[in-house]
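Note that this is a predicted model, so its numbers are computed, not measured.
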There are 2 protein chains.
Amino acid sequence: MSGKTNAVSVLDRRATRRAASRAEIVEAAWLLVREQGLAGLSMRDLGDRVGMRAQSVYSYFDSKDDIYDAMFRQGYEEQLAWMADDEGAAGGSEDPATRLRVMAHRFFAFCTSDPVRYQLLFQRTIPGFEPSSASYAVALAALEQMHAGFARAGITDPDAADLATAVLTGLTSQQIANDPGGMRWERLVDRAGTMLLREVAPHLLAKTRKPTTRVRRTP
Amino acid sequence: MSGKTNAVSVLDRRATRRAASRAEIVEAAWLLVREQGLAGLSMRDLGDRVGMRAQSVYSYFDSKDDIYDAMFRQGYEEQLAWMADDEGAAGGSEDPATRLRVMAHRFFAFCTSDPVRYQLLFQRTIPGFEPSSASYAVALAALEQMHAGFARAGITDPDAADLATAVLTGLTSQQIANDPGGMRWERLVDRAGTMLLREVAPHLLAKTRKPTTRVRRTP
DNA sequence: GTCTATAATCTGATAGAC
DNA sequence: GTCTATCAGATTATAGAC
């Protein structure tokens, strides 16, 4: 019996080591794309960064797109975690309008805090790459999370989330492309949030009159 | 005297031919990036397309980025022309709200009608590329044109244009990335236009109540 | 202004020894 | 699982003949 148990544990250990190596490679990939641009990732540089020959990376990932896929998935897992913080921070105790405004600020902060990640998650920019269905499921979960946030505020308009993501990713991409590191569009997030609320849930605005919401940029 | 005149005319002709070749190369470059993605442009393919060796292209452009720069400039010249049509189409006779709504629709149509152009003009996606100051000046002229459109409608809010471009490029990029060729976000353009008007110029909305505006997609 | 030739380097990916 | 060796090709760009 102990033989079987040991065998399993060895396999476990191997799987753990393998997962750790994969994670290390993905982490190195993020560092590289932040330096050289999303499309500038090369297997050789990646190997160098993790102290391997480039060819050895193929023991962990089938192809370069497989690495992009892991990054894509991780990015949306980060979004899920980042936005979940809101539910704790802005809690159920506060009024819906404030909660939604905090959501807007945090989503903007998430996007601008890592422009390359934003590019991978929200823009179709790498010619051949398409996420696997497993990774795409995480993306859908993140969208679902946003829908749930609206639903909790009593917003049933099915277009509300589409309109909100468009406005917020628009502010983000303008900020990243035309004023990187600046505040030109970040300044407008609160105003855009009010504008959105007035459009999709005017009744929520009636009570709270212009409570300027500030949120810390890093979690 | 005829000698001098002839000399000038020969130089003229040379300059004309050169400009024509440059234009032909840029046109071929657009075709290629639409097929292979913006970053997928290569001098070899480009040479093949125009019936030259790749090396000969360097007689017309100093570098690959120099070609991107010409495309960038041309893209904004196209925007200037495209948006200028509005002034004729929706004319000075119509009311300001309708004019602005038409502007919104046409800007959206301009962006979605060529996703690769949108990527080059509005997203920072090519690692090394930065537009020359001459080309950037055209980009500023296009922004100035939009400001002028707002001013003509009596909108003096300096943030109005920033908010509007963010909302409209947001709708565009979501449409391109998540529902290419579809209508999911295009449907929302009119609603977003009303939302924007209510935010930056509510007085313009008071008179005209929901005049659904439709605009042809190709000019 | 177009060509040949070529530099000098990078690319993703595979085969097979250990 | 990591290595060496290598494929088979791409890349931008320059030099110099014509």
Any B/S56 side-chain N or O less than 4.0 Å from OP1/OP2 of C/dC3: yes

For B/L46, which contact category applies under a 4.0 Å heavy-atom criterion: base, sugar-phosphate, or nothing? nothing

Give a yes/no on whether any side-chain N or O of B/Y58 is located under 4.0 angstrom from OP1 or OP2 of C/dT2. no

CZ of A/R22 versus P of D/dT2: gap in Å, rounded? 13 Å

What's the CE-P distance between B/M43 and C/dC3, to the nearest Å? 14 Å

Quick one: label A/S21 by what it contacts on the DNA or RNA (base, sugar-phosphate, nothing), any heavy atom closer than 4.0 Å. nothing

A/I176 side, atom CD1; A/N178 side, atom CG - distance, nearest 0.5 Å: 10.5 Å

Using whole Å, report how far CG of B/D65 lies from P of D/dA13. 8 Å

If we count only N and O atoms by modelled type, under 3.5 Å, do the side chains of A/T112 and A/T172 hold a donor and an acceptor together? no

Find the distance A/L32:CG to C/dT11:P and express it as a whole number of Å. 11 Å

Using a cut-off of less than 4.0 Å, is there contact between a side-chain N or O of A/S42 and OP1 or OP2 of C/dT11? yes

Between B/F122 and B/F107 (judged by ring centroids, cut-off 6.0 Å), do the two rings come close enough to count as a pair? yes

Is it true that A/D162 and B/R187 have a side-chain N and a carboxylate O under 4.0 angstrom from each other? no

In whole angstrom, what separates A/R44's CZ from D/dA10's C1'? 12 Å

Give the nucleotide from the list D/dC3, D/dG1, C/dT2 with an atom nearest to the side chain of A/M52. D/dC3

To the nearest angstrom, how far is B/R53 atom CZ from D/dT12 atom C1'? 16 Å

Reading DNA chain C from 5' onward, which residue's closest nucleotide shows up sooner: B/R18 or A/A54? B/R18

When you compare the side chain of B/Y60 with that of B/D66, does any pair of heavy atoms fall below 4.5 Å? no

To the nearest Å, how far apart are B/D45 CG and D/dT12 P? 8 Å

What integer distance in Å separates A/D66:CG from C/dA13:C1'? 14 Å

Given C/dC3, D/dT14, D/dC3, identify the nucleotide with an atom nearest to the side chain of B/Q55. D/dT14

